[in-house]
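Note sheet for the following structure.
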Amino acid sequence: MFRSRGFQWILGGLAVSLLAGGLQAKTITISCGAVGAEKQICEEGTRAWSEKTGHEVKVVSTPNSATERLSLYQQLFAARSGDVDVFQIDVVWPGMLASHLVDLSGYTGGAEDNHFEALVKNNTVDGSLVAMPWFTDAGVLYYRKDLLEKYGLEAPDTWQQLTSTAKTVMDKEREAGNDRFWGYVWQGRAYEGLTCNALEWVSSFNGGTIVNSEGEVTINNDRAAEALALASTWIGGISPRSVLNYTEEEARGVFQSGNALYMRNWPYAWSLAQSEDSPVKGKVGVVALPRGGDDGQHAGTLGGWQLAVSKYSDNVDEAADLVNFLTSYEEQKRRAIQGSYNPTIPDLYQDEEVLSAVPFFGELFETFKNGVPRPSSATGDQYGRVSNAFFNATHEVLAGKAEPEQALNKLDAQLKRLGRRGW
Ligand code: GLC
């Protein structure tokens, strides 16, 4: 009774202040991801903004696969639909979606200056700030500390070491009775996530980034072929065949239930692996992804999500205000502690509470700062096609349908055709 009266009083107070300001309560719709606890954490943030402003927020969830999410957005934009005001967009999409997005620079009060410069640059298309950075990402390697210790092994520094230690531990764990145990789980489905995984292999073998910053197609090289050849040995070896259909959440499901030694994933998997009901709580370590041999380099693909306002929104002012709120220091801090989402504000990597919740944010700062970008800036609005061609070629090799050299030759011709008229 008391609660409900208090609630009415609060609502009344908001209505009065909205009216006093001559404003009307609006309903803003935001598209949020729903990977792991993502939707819930998004809703907590939008609720706080609602309480502050009196406007309502409707959160719509979107497909987990970035590739499917992109095609949903493209359909909405093609129809000039105003159904969604705020879009969560991938770090590789500003070039493809810019023409449908509001220039936020007039709404942020300069807040973008507090974020990583490279991300602000990434989100600025032809002088327009088409999205504000929300969280950044880089691929990392999760490993079972307890199991490596049990067998006297160290976290791997090269993919070759990962391959051999995964095999050793897998064989032993199976002998000990866990016949569902695997060495390595990752994202092998034909979608954007495979582009991220395969770029890491190729780049760690010094095989480049598919298309270089000058727009030249570079993928057809021996190092790239070597990287793909090694990865294809994992299928049905240290990784289940079903990895060919895994996205982030399938990989996390196997690892978090205790059935894999290693997992490639993004930082969000940390807070879930550490949650109260997680079978692997307290048993997990995180390091940079391995190098492609002694002369290779550590490479984690740069990922991450931005918030953008649709040009077809009827509520641009309120939508931009919501974006400012969600991308602010305080909200990014809450999301980092609660969901291990990497802040895009460098100062938060010095924050004691953030670092104690997610120690590897500090230890792997360089990995996050120097994430390997996919060639989205170089290929502009063709990036979607480039990525599709790359993940399809990779998937064929992994599925045993093509040899690496043959697949890369074909891919090279395909990409050169796409880029013929300039990207
Ligand atoms: C993560 C990354 C995003 C990437 C996607 C691929 O969500 O943040 O950049 O495209 O994974 O699955």
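Atoms considered below: every heavy atom in the structure, side chains included; atoms not considered: hydrogens, waters and symmetry mates. One-based numbering, in listed order, for ligands and for the atoms of each.
When the shell of 6.0 Å around CD of Q297 is examined, it contains more than 12 heavy atoms from other residues, nucleotides or ligands.
A donor-acceptor contact closer than 3.5 angstrom is absent between the side chains of Y73 and Q88.
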Which atom pairs, donor and acceptor, lie under 3.5 Å between side-chain atoms of residues 261-268 and protein residues at least two apart or in another chain?
from	atom 1	to	atom 2	distance (Å)
Y262	OH	T165	OG1	2.7
R264	NE	E200	OE1	2.8
R264	NH1	Q187	OE1	3.1
R264	NH2	E200	OE1	3.4
R264	NH2	E200	OE2	2.7
N265	ND2	E248	O	3.3
W266	NE1	E248	OE2	3.0
Y268	OH	E249	OE1	2.6

Could you list, one pair per line, each nitrogen or oxygen of ligand 1 together with any protein nitrogen or oxygen closer than 3.5 Å, giving atom names and the distance rounded to 0.1 Å?
from	atom 1	to	atom 2	distance (Å)
ligand 1	7 (O)	W305	NE1	2.9
ligand 1	8 (O)	D137	OD2	2.5
ligand 1	8 (O)	G304	N	2.8
ligand 1	8 (O)	W305	NE1	3.0
ligand 1	9 (O)	D90	OD1	2.6
ligand 1	9 (O)	G304	N	3.1
ligand 1	9 (O)	R374	NH2	2.8
ligand 1	10 (O)	D90	OD2	2.5
ligand 1	10 (O)	R374	NH1	2.9
ligand 1	11 (O)	E248	OE2	3.3
ligand 1	11 (O)	W266	NE1	3.1
ligand 1	12 (O)	E248	OE2	2.6

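In this structure, F87 and F77 have tilted ring planes: the angle between them lies in the 30° to 60° band. Ring orientation note: the planes of F360 and F368 are tilted relative to one another, at an angle of 30° to 60°.
When each of T327, T344, V120, V91 is checked for a side-chain contact (heavy atoms from CB on, under 4.5 Å) with Q306, only V91 meets the rule.
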